[in-house]
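Residue indices begin at 1 and follow the sequence shown.
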Amino acid sequence: YLLAGLDYKHYSANSDLNHLSYRLEGLYQYNMPAGISFRFLDQLTRDEDRFDIGSFLPSDFTLEQNSLQVTSTPSRIRQYYSNIADISVNFDMTGRLTALFNYTNFALNYIEDVNNWLNRTDHDFSLAIAYEYSPKTSFFMEYSFADTAYTKSVDKNSRNTFIYAGINWKGSSKLAFKGKAGYQLKSYATLREDTGMFSTEMQMVYLMTEKTKLSFRLYK
């Protein structure tokens, strides 16, 4: 599919805030007879940050009755281009064993040079393997690695590693449970030691009636 969208914002009181953003997106998927499917997605966006993210400067505020008041529109509005390219390959090997490989590239570039310290590129690799033990139970493992590299502010570079294992269980047409546990590891360019932590997630869904569903989720 192909998709193109435009969004124009017009301000009656301050034309300097008028903004035109757009998004161009395309996806191609090909399913092979041997149980292998290939998918490519690309999305190009031109937009601006929200006003509450670094757009106001100290000159935009005044102190009135011991409280800060906004007295002008944002002095600095950050406009940017971003592009997401996503490639995934899915393998259905035995009817019970499936594997998914995914690579995502994210590029962010701000238009004004004063904001180029925010420009960055992300690379994300992930691999997931699932095994259907029975019609009700399946096991899975997930691994992902993400590398964030800034063009100028290299001290903000970081790497993230996630390793998980879990289970999907459908007890009945009304009750389903999903649980996974794993380890997260994060490293920064400015820190000598990496930061690691175990994490877990559990989710239960119960269909009480055709119109009522109860869900419970626990995440640490």
Decide side chain to side chain contact (heavy atoms under 4.5 Å, CB included) for Y1 and L41; before the verdict, give the C-alpha distance in whole Å, the side-chain angles of both, and the deciding distance to 0.1 Å. CA-CA 10 Å; Y1 75 84; L41 168 70; 3.9 Å; yes
Dump the intermediate steps for salt bridge (Lys or Arg N to Asp or Glu O under 4.0 Å) on E201 and R217, then the final yes or no. CA-CA 7 Å; E201 180 179 352; R217 181 177 181 184; 2.8 Å; yes
Run the numbers on R23 and D7 for salt bridge (Lys or Arg N to Asp or Glu O under 4.0 Å), then give the verdict. CA-CA 9 Å; R23 183 180 62 168; D7 184 14; over 6 Å; no
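In this structure, K136 contributes its side chain and W169 its backbone to no donor-acceptor pair below 3.5 Å. Judged by distance alone, with hydrogens and angles left aside, the side-chain atoms of N116 form no donor-acceptor pair with the main-chain N or O of Y110 at under 3.5 Å. Side-chain atoms of R120 do not come within 3.5 Å of backbone N or O of N157 as any donor-acceptor pair. Side-chain atoms of T94 come within 3.5 Å of backbone N or O of L97 as a donor-acceptor pair.
Shortest non-hydrogen contact noted between Y11 and N18 is N-OD1, 2.7 Å. Closest of all the heavy-atom pairs between D60 and S55 is OD2-O, 4.2 Å. S138 approaches E132 most closely through the heavy-atom pair CB-CA, 4.0 Å. L108 and S82 make their closest contact through CD1-CB, 4.1 Å (heavy atoms, listed as atom of the first residue, atom of the second, distance). The shortest heavy-atom contact between Y183 and G196 is OH-CA, 3.3 Å.
Around the CD atom of E112, the shell of radius 6.0 Å holds no more than 12 heavy atoms that belong to other residues, nucleotides or ligands. By the neighbour-count criterion of 12 heavy atoms within 6.0 Å, atom CG of D155 is densely surrounded, having more than that number from other residues, nucleotides or ligands. Around atom OH of Y30, no more than 12 heavy atoms belonging to other residues, nucleotides or ligands sit under 6.0 Å away. The environment of R46 atom CZ is dense: over 12 non-hydrogen atoms of other residues, nucleotides or ligands sit within 6.0 angstrom. Within 6.0 Å of the CD atom in Q69, the count of heavy atoms belonging to other residues, nucleotides or ligands exceeds 12. The environment of CZ in F198 is sparse: at most 12 heavy-atom neighbours from other residues, nucleotides or ligands sit within 6.0 Å. The number of heavy atoms from other shown groups lying within 6.0 Å of NZ (K180) is above 12.
Note on M141 and I163: separate hydrophobic clusters, where clusters join Ile, Leu, Val, Met, Phe, Trp and Tyr whose side-chain heavy atoms are under 4.5 Å apart, directly or indirectly. Note on L175 and M208: same hydrophobic cluster, where clusters join Ile, Leu, Val, Met, Phe, Trp and Tyr whose side-chain heavy atoms are under 4.5 Å apart, directly or indirectly. Under a hydrophobic-cluster definition in which Ile, Leu, Val, Met, Phe, Trp and Tyr are linked whenever side-chain heavy atoms come within less than 4.5 Å, directly or via other members, L214 and M202 are assigned to the same cluster. Connection of F101 to L27 is not established within any shared hydrophobic cluster, with ILVMFWY side chains joined at heavy-atom distances below 4.5 Å, either directly or through further cluster members. Tracing side-chain contacts under 4.5 Å through hydrophobic residues (I, L, V, M, F, W, Y), one never reaches V114 starting from I77; they form parts of separate clusters.
For the residue pair N115 / Y80, no side-chain donor-acceptor distance below 3.5 Å is found, with atom types taken as modelled. Side-chain polar atoms of Y219 and Q203 form no donor-acceptor pair below 3.5 angstrom. Under the 3.5 Å distance criterion, with hydrogens and angles disregarded, no donor-acceptor pair is assigned to the side chains of S144 and Y164. A donor-acceptor pair shorter than 3.5 Å can be found between the side chains of N102 and T104. Side-chain atoms of K152 and Y150 form no donor-acceptor pair, as typed in the model, at a separation below 3.5 Å.
Using a 4.5 Å cut-off on side-chain heavy atoms (C-beta onward), K9 and L17 make no contact. Side-chain contact between S88 and L100 is present, with at least one heavy-atom pair separated by less than 4.5 Å.
Of the candidates D147, D122, D194, R159 forms a salt bridge (Lys or Arg N to Asp or Glu O under 4.0 Å) with just one, namely D147. Among the candidates N109, N105, T121, D42, the single residue satisfying the side chain to side chain donor-acceptor pair (under 3.5 Å) test with N83 is D42.
Atom-to-atom distance recorded for Q43:CD and E25:CD is 4.5 Å, nearest 0.5 angstrom.
Between Y103 and F125, the ring-plane angle classifies as tilted under the 30° and 60° cut-offs.
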